[in-house]
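Notes for the one structure printed next.
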Protein chains: 2
Amino acid sequence: MSKSTHREDHLKALYTLGEEAGQESWVSTNAMAAHLDVKPPSVTAMVHVMSELGWAEHRPYRGARLTPLGKKLALTLVRKHRLWETFLVERLGFGWEEVHDIAEQLEHIDSVSLVDKLDAYLGHPTIDPHGDPIPTAKGQIADSRRLTPLLEWPHDKPCQVGAVKDSNDKVLVELTSLGIELGTVLRPEDRLKVPLALAEEVLVEPQSSQEISTNE
Amino acid sequence: MSKSTHREDHLKALYTLGEEAGQESWVSTNAMAAHLDVKPPSVTAMVHVMSELGWAEHRPYRGARLTPLGKKLALTLVRKHRLWETFLVERLGFGWEEVHDIAEQLEHIDSVSLVDKLDAYLGHPTIDPHGDPIPTAKGQIADSRRLTPLLEWPHDKPCQVGAVKDSNDKVLVELTSLGIELGTVLRPEDRLKVPLALAEEVLVEPQSSQEISTNE
DNA sequence: CGAATTTTTTAGGTCTGTCTAAAAAATAAA
DNA sequence: TTTATTTTTTAGACAGACCTAAAAAATTCG
């Protein structure tokens, strides 16, 4: 991995964990180390670098969090990742469980015009194959959907699959084999077939328009 | 750059220079160093590594050349590079002068299924945007065209642009602005407009079928 | 509150690819 | 063919990202 690839990976880890924990909070060294599969001292070292670069703020023995600049850079990475995932699924025909690792590499390709052209080629998509929103070129996430965990959705109302949580590949494969993909309409009776372990990975929204049901 | 990216860059340099010089010949350390923009001792070190990996043969103080395995690996890199260039030009709308640097990054993406799917998505192209042949998945280059330098082509016969030599970006831009691209038919009178410096970068073949002329 | 535990940082080392400077081999020239 | 020049390799050092082990700070618990 290149210098910038390493930095970008740490940046994205800090962004991701920071989002999970809430805006103000400090992300612990251990959490980042676990997320990146490295040892804590490596994270400390890279946090110092990110701090030098103005990407992150570091409170020794407390943790780190992104500066506005760091957050902006992280969002361009997220944007690239999700655009590439969209390309891989929609154009190349990959399954939604296959694309994460490849996009993880593609997101580090350094070319602004490439991202712009890819975005246009895909028709300026707003969500990726897992239902995650794609930030705009300016780093805005405009996600107007109101997603609800499937398990919290009223049992008697139909809904539509809007996203899946960051899941392992197996969960995604099993969902596919049940006929569940993005946009699938789930009627009350459809939900009975879905094992709990899978159902808790699914986020739904109110049924919108003409969409597919699990019964084809 | 990652470990494998560095190795792959040296491998490709050795392949490229070896092709230019002819099959049997040894590629000098200096030539590789100049091509890769590193100092000779770095090349020596990497040649040792490639030798360890079974990719290259090294005769101290003479040079290096690829083993059959090395050549096979180099051809998969060339294949990836040229497929990505094709994608960038044909799908994303880049100019043929813009794609080399981006493809240089993309060719290092590690995923066999990605290459296969990209190849299929592009319709199994046989030449890239510069007219260079794209090796097959098995590393075969089947280029049946008989390309001739434009300057050696009979002055009274029309021809068709089949390829451009590895040129700098400016040459490619100027060719484009003269209406010359891959497949362009050049009639005897068209050739008069082409400056020598550009003409010597162009390879042509007999006119085949329905194609574009410079006069639109 | 003070001791035990956990977390984080520092210290020091490895690995890989780069470099410069010096030595060795090959080539060119006198 | 003997010397001078060029090319290549070796020797030794540096930069970056990683590691383990030990020290320092924070937290938890009796």
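Just so it is clear: chains get the letters A, B, ... in the order the sequence lines come, proteins before strands, and each one is counted from 1.
For A:His10, taking side-chain heavy atoms from C-beta onward, the closest of the listed nucleotides D:dA25, D:dG16, D:dC18 is D:dC18. When distances run from any side-chain atom of A:His6 to the nucleotides C:dT18, D:dA24, D:dA17, the shortest one goes to D:dA17. Closest contact between the side chain of B:Tyr61 and the listed nucleotides C:dT10, C:dT16, C:dA24 involves C:dA24. Checking D:dC18, C:dA25, C:dT9 against every side-chain atom of A:Met46, the shortest atom distance belongs to D:dC18. For A:Pro41, the side-chain atoms get nearest to C:dA11 when compared with the rest of C:dT8, C:dA21, C:dA11.
Atom CH2 in B:Trp26 sits about 14 Å away from atom P in C:dA26, given to the nearest Å. In this structure, CE of B:Met32 is placed 13 Å from P of C:dG17, rounded to the nearest angstrom. At whole-Å resolution of the value, CZ in A:Arg59 and C1' in D:dA26 are 15 Å apart. One atom, NZ of B:Lys39, and another, P of C:dT18, lie 13 Å apart when rounded to the nearest Å. If you take CG of B:Asp37 and P of C:dG17, they are 18 Å apart, rounded to a whole angstrom. Between A:His48 atom NE2 and C:dT8 atom P there is a gap of 13 Å when expressed in whole angstrom units.
Between B:Arg7 and C:dG17, a side-chain N or O to OP1/OP2 separation shorter than 4.0 Å is present. Side-chain N/O atoms of A:Thr29 include one lying less than 4.0 angstrom from OP1 or OP2 on C:dT9. A close approach under 4.0 Å does occur between a side-chain nitrogen or oxygen of B:His58 and OP1 or OP2 of D:dT9. Not one side-chain nitrogen or oxygen of A:Asn30 sits closer than 4.0 Å to the OP1 or OP2 atom of C:dT6. Close to D:dA17, at under 4.0 Å from its OP1 or OP2, lies no side-chain N or O of A:Ser42.
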key: Stepwise salt bridge (Lys or Arg N to Asp or Glu O under 4.0 Å) test for B:Lys165 and B:Glu201   = CA-CA 5 Å; B:Lys165 292 183 183 166; B:Glu201 301 292 325; over 6 Å; no
key: Stepwise salt bridge (Lys or Arg N to Asp or Glu O under 4.0 Å) check, A:Lys12 with A:Glu104   = CA-CA 11 Å; A:Lys12 229 181 67 168; A:Glu104 201 75 10; 3.8 Å; yes
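By the neighbour-count criterion of 12 heavy atoms within 6.0 Å, atom CG of A:Asp116 is densely surrounded, having more than that number from other residues, nucleotides or ligands.
Between A:Ser4 and A:Arg62, the residue anchored nearer the 5' end of DNA chain D, judged by the nucleotide with its closest heavy atom, is A:Ser4. When each of A:Val49 and B:Gly63 is assigned the nucleotide of DNA chain D bearing its nearest heavy atom, the one mapping closer to the 5' terminus is B:Gly63.
In this structure, A:Arg91 forms no cation-pi arrangement with B:Phe87, as its terminal cationic atom is not both closer than 6.0 Å to the ring centre and no more than 45° off the ring axis.
B:Pro60 comes within 4.0 angstrom of the backbone, heavy atoms only, and of no base.
When each of A:Lys80, A:Arg79, A:His81 is tested with A:Glu107 by the rule side-chain hydrogen bond (donor to acceptor under 3.5 Å, both in side chains), just one qualifies, namely A:His81.
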